[in-house]
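Atom set for the values below is all heavy atoms of this structure, side chains included, hydrogens, waters and symmetry mates excluded. Counting convention: from 1, in listed order, for ligands and their atoms alike. No experiment lies behind these values; they were computed from the predicted model shown.
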Amino acid sequence: MKSFSVALALIAPVQAGLRFGCSSLTTQRLDPVVEPGNIPSSHVHHIIGGNAFNATMTGDVGERATCTTCEMSEDFSNYWTAVLYFKHPINGSYHRVPVINNAALATGTTGGMTIYYTQHDFYSDNLKNQPITAFPPGFRMTVGDPTTNTHEEAKAHVGLRYNCLNTLLDRGPELVDLPDRPCPAGIFAIHHFPACWDGKNLDSPDHQSHMFNTIKYDGFMNAPPCPASHPVRMPQLAYETVWDTTKFHSMWPAGTPNPFVWSFEGTRGYGTHADYLFGWEGDSLQRAMNKSECFYDGCGSIKKQPMSIANKCTVEDLVGEDTVGWLTSLPGQA
Ligand SMILES: *[C@@H]1O[C@H](CO)[C@@H](O)[C@H](O)[C@H]1NC(C)=O
Ligand SMILES: *[C@@H]1O[C@H](CO)[C@@H](O)[C@H](O)[C@H]1NC(C)=O
Ligand SMILES: *[C@@H]1O[C@H](CO)[C@@H](O)[C@H](O)[C@H]1NC(C)=O
């Protein structure tokens, strides 16, 4: 169902929302939401977005950052997920899986992720019935949990799925776990966040309970109304990442289990998770969310930059360890 809607979105202008690419910013062990101040944090992350990214992040990031790897030049948010590694089935060494571009992104996008902020679903904005409130400065949240280890729990995280790619546009069915066979065009990981806010807290102790999810099946479809406990409808945020597993296939003996693991040593895909730290400048995201009947660029309400400029945005590597490989253990997991 989801791959159907995404394919349509790529060929026809649909209503309501933003879809854009951000190049990779950095890959290191930092996590300003879950482990603020820790240099290094417990596991490796793949991070995109603004250059205010740091071990600790407070206040209005959109005011502080001076560049972003995102095509939307007013978006200084940071977006990150765990990193996929290949664990060699014979000798147990690890190698980081490279990230490649998704389909239909701006020329020059390098790795990174595809980011969506939708209002209602792919086909309508429904702003009359359901106004969208942009995230406020300082807002942050996570979705998923590295300790999730059963199929049932993972299935209940409706926004967190994989596809075994035949091609970038032929994604095949959604999977709850990592694919159990080599995927011709890599592994597609998707993270949908909840969209209902309690209206008060920029964060919560578990980084999740200030938000509430009403999607039952698929984050790109129409979400039921927000409950009284979390009454404020925010943009439906989603990340897509394409992990290019293909160069490891020759080292994956036929009939043996999936050799790809997340950077927290998750041998099943169930612990997939993602973090968001809001950083749009001024009212730019709200401006886009107030527009109807257009997609991709918020009806021209958002400034874009060439990816050649976006790709010049960098941050310091505060940890300074090899995260690529071949490694005898995953960074932080020895
Ligand atoms: C990161 O945080 C450190 C310590 O607070 C600070 O000295 C440094 O300037 C920050 N870097 C950026 C890019 O904000
Ligand atoms: C494991 O195999 C890979 C691929 O052949 C190799 O590059 C790596 O050095 C090996 N690791 C060890 C510990 O032998
Ligand atoms: C967005 O729409 C709301 C409701 O119509 C309005 O109050 C607000 O000023 C608008 N914000 C922007 C930035 O356009």
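- Counting heavy atoms from C-beta outward, Trp80 and Val33 have side chains that approach closer than 4.5 Å.
- In summary, Glu71 and Arg19 do not engage in a salt bridge, as defined by a charged side-chain N under 4.0 Å from a carboxylate O.
- Distance check for atom 4 (C) of ligand 1: every protein heavy atom is found at 4.0 Å or beyond.
- No part of Val315 comes within 4.0 Å of ligand 1, judged by heavy-atom distances.
- Nearest to atom 9 (O) of ligand 3 among the protein's heavy atoms is Asn290 ND2, 4.8 Å.
- In this structure the side chain of Val99 never reaches within 4.5 angstrom of the side chain of Leu84, judged on heavy atoms.
- Under the 4.0 angstrom criterion, atom 7 (O) of ligand 1 counts as lacking any protein heavy-atom contact.
- Ring geometry for Phe193 versus Tyr239: interplanar angle of 30 to 60°, hence tilted.
- Side-chain atoms of Arg287 come within 3.5 Å of backbone atoms of Ser301 as a donor-acceptor pair (strictly under, hydrogens ignored).
- Closest to atom 13 (C) of ligand 3, if we only count protein heavy atoms, is Asp283 OD2, 3.5 Å.
- Using modelled atom types, one finds a donor on one side chain and an acceptor on the other under 3.5 Å when comparing Ser23 with Asn311.
- Among the atoms of Asn91, some N or O lies under 3.5 angstrom from an N or O of ligand 2.
- Nearest protein heavy-atom contact of atom 12 (C) of ligand 1 is Asn54 ND2, 3.3 Å.
- For the residue pair Thr148 and Glu153, no side-chain donor N or O sits within less than 3.5 Å of a side-chain acceptor on the partner.
- The contact set between ligand 2 and Ser93, taken as ligand atoms under 4.0 Å from a residue heavy atom, comprises 1 (C), 10 (C), 11 (N), 12 (C), 13 (C).
- Residue Asn51 places a heavy atom less than 4.0 Å from ligand 1.
- Remark: ligand 3 atoms within the under-4.0 Å shell around heavy atoms of Gln286 are 11 (N), 13 (C).
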